[in-house]
K.L.:
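Okay, here's the structure, questions in a sec.
Residues take their numbers from the sequence shown, with the count starting at 1.
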Amino acid sequence: MVTFRRFCVLSVFALSLALFAGSLMTARSAFADEPAVKPIRALLVIGGCCHEYKTQKDILARGIAERAHVEVDIAYDPDTTTRHLNPIYEKPEWAAGFDVIIHDECCSDVTDLAIIDRVLAPHRHGLPAVILHCGEHCYRSKGFPKAVTPWFEFTGLQSTGHGPQLPIEISFVASDNPITKGNANWTTIKEELYNNSEGHLLDTASALARGRQTVKRFGRETHPDFAVVWTNNYRGTKVFATTLGHNNVTVSDPRYLDMVTRGLLWSCGKLNDSYLKTGSRN
């Protein structure tokens, strides 16, 4: 009888363990089968004059994908002039299937309004955008530089050029904005500081950071100071923009890639822990 009772107790204990282990495996399986967050599909439009786009396209695509659940397709144009349109724009539905567009092209002398309208059409219908560096200086159509051209309305800033390549002291001015919250001021390597030719952003835009250089010429020292990071409300569409990012060292700087990635997620309404990968969450 004693042996039988012990066997019963042990059997019940073993059964309990088996059931517990089974429940753990079921729970683990449920978590494993839980669908991952759907990656954001981004299109990086890049190429044109004056920059090492062949290298920067990979720095950006890899850097963004390492930081967030974003799949980056690249539309690279190897043409190095300012007059060539990226071939992606030849298709009327060029942006179909994408959740956000990263404009990093440099084609200031593409001025045909019909083409510019084709580029902007998806954004007028709500497609978010990120504008990087020379993307600000594109599509200088009739009325440039004084008028708010269609492209300037999209970017949120009128800019006509830049000064010499010198270090830029970056100061973050919107401490409560989720894109730059917690960012420490920093100084770049030698970089291009784009002007704000009318002295300010458009009313639809909000500055996140300003850049300041120390320029010495002919025995005189000046300190140009302009908005270098901002957001824009383009007819209801979210746009993140920065004029920083001429040189590869800056583009590959973790601080730059963090900011661009967060700006992209913000534009899509996805700046949260679900889309930020581990190590990129604040």
K.L.:
Would you call Arg118 and Glu90 a salt bridge, using N to O less than 4.0 angstrom?
P.N.:
no
K.L.:
Using modelled atom types and a 3.5 Å cut-off, is there a donor and acceptor pairing between side-chain atoms of Trp230 and backbone atoms of Leu157?
P.N.:
no
K.L.:
What distance separates Cys268 SG from Arg41 CZ, expressed to the nearest 0.5 Å?
P.N.:
12.5 Å
K.L.:
Among Cys49, Cys138, Cys134, find the one that has a side-chain contact (heavy atoms from CB on, under 4.5 Å) with Cys107.
P.N.:
Cys138
K.L.:
Hey, does the side chain of Asp104 reach the backbone of Gly135 with a donor-acceptor pair shorter than 3.5 angstrom?
P.N.:
no
K.L.:
Out of curiosity, Gln158 CD to Glu136 CD, how far, rounded to the nearest 0.5 Å?
P.N.:
9.0 Å
K.L.:
Does Thr242 reach the main-chain N or O of Val228 with its side chain, forming a donor-acceptor pair under 3.5 Å?
P.N.:
yes
K.L.:
Other hydrophobic cluster members with Val173, side-chain heavy atoms of Ile/Leu/Val/Met/Phe/Trp/Tyr under 4.5 Å, chained?
P.N.:
none
K.L.:
Within this structure, what is the CG-CD distance for the pair Leu132 and Glu105, rounded to the nearest 0.5 Å?
P.N.:
9.5 Å
K.L.:
Take His123 and His103 through the test ring pair (Phe, Tyr, Trp, His ring centres under 6.0 Å) and record every step on the way to the result.
P.N.:
CA-CA 12 Å; His123 301 301; His103 288 282; 5.0 Å; yes
K.L.:
Could you pull out the closest heavy-atom pair between Val110 and Ile116, with the gap in Å?
P.N.:
O-CD1, 4.1 Å
K.L.:
Can Leu44 be reached from Ile131 by stepping across I, L, V, M, F, W or Y side chains whose heavy atoms are under 4.5 Å apart?
P.N.:
no
K.L.:
Treating Asn247 as the side-chain partner and Thr250 as the backbone partner, does any N or O pair qualify as donor plus acceptor under 3.5 Å?
P.N.:
no
K.L.:
Could you tell me whether Asp117 and Arg124 make a salt bridge, using a distance below 4.0 angstrom between a side-chain N and a carboxylate O?
P.N.:
yes
K.L.:
Going by atom types alone, do Ser159 and His137 pair a side-chain donor with an acceptor below 3.5 Å?
P.N.:
yes
K.L.:
What I'd like to find out is whether the side chain of Ile102 reaches to under 4.5 Å of the side chain of Leu264, using heavy atoms alone.
P.N.:
yes
K.L.:
On the 0 to 90° scale, with breaks at 30° and 60°, tag the Phe154-Tyr234 ring pair as parallel, tilted or perpendicular.
P.N.:
perpendicular
K.L.:
Between Glu169 and Arg210, does any NZ, NE, NH1 or NH2 come within less than 4.0 Å of an OD or OE carboxylate oxygen?
P.N.:
no
K.L.:
Ring-plane angle category for His162 and Tyr194, please: parallel below 30°, perpendicular beyond 60°, tilted otherwise.
P.N.:
parallel
K.L.:
With side chains defined as the heavy atoms from C-beta onward, is the minimum distance between Arg217 and Pro164 less than 4.5 Å?
P.N.:
yes
K.L.:
Are Asp258 and Arg67 within salt-bridge range, i.e. N to O under 4.0 Å?
P.N.:
yes
K.L.:
Can Glu192 and His246 be counted as having a side-chain donor-acceptor contact under 3.5 angstrom?
P.N.:
yes
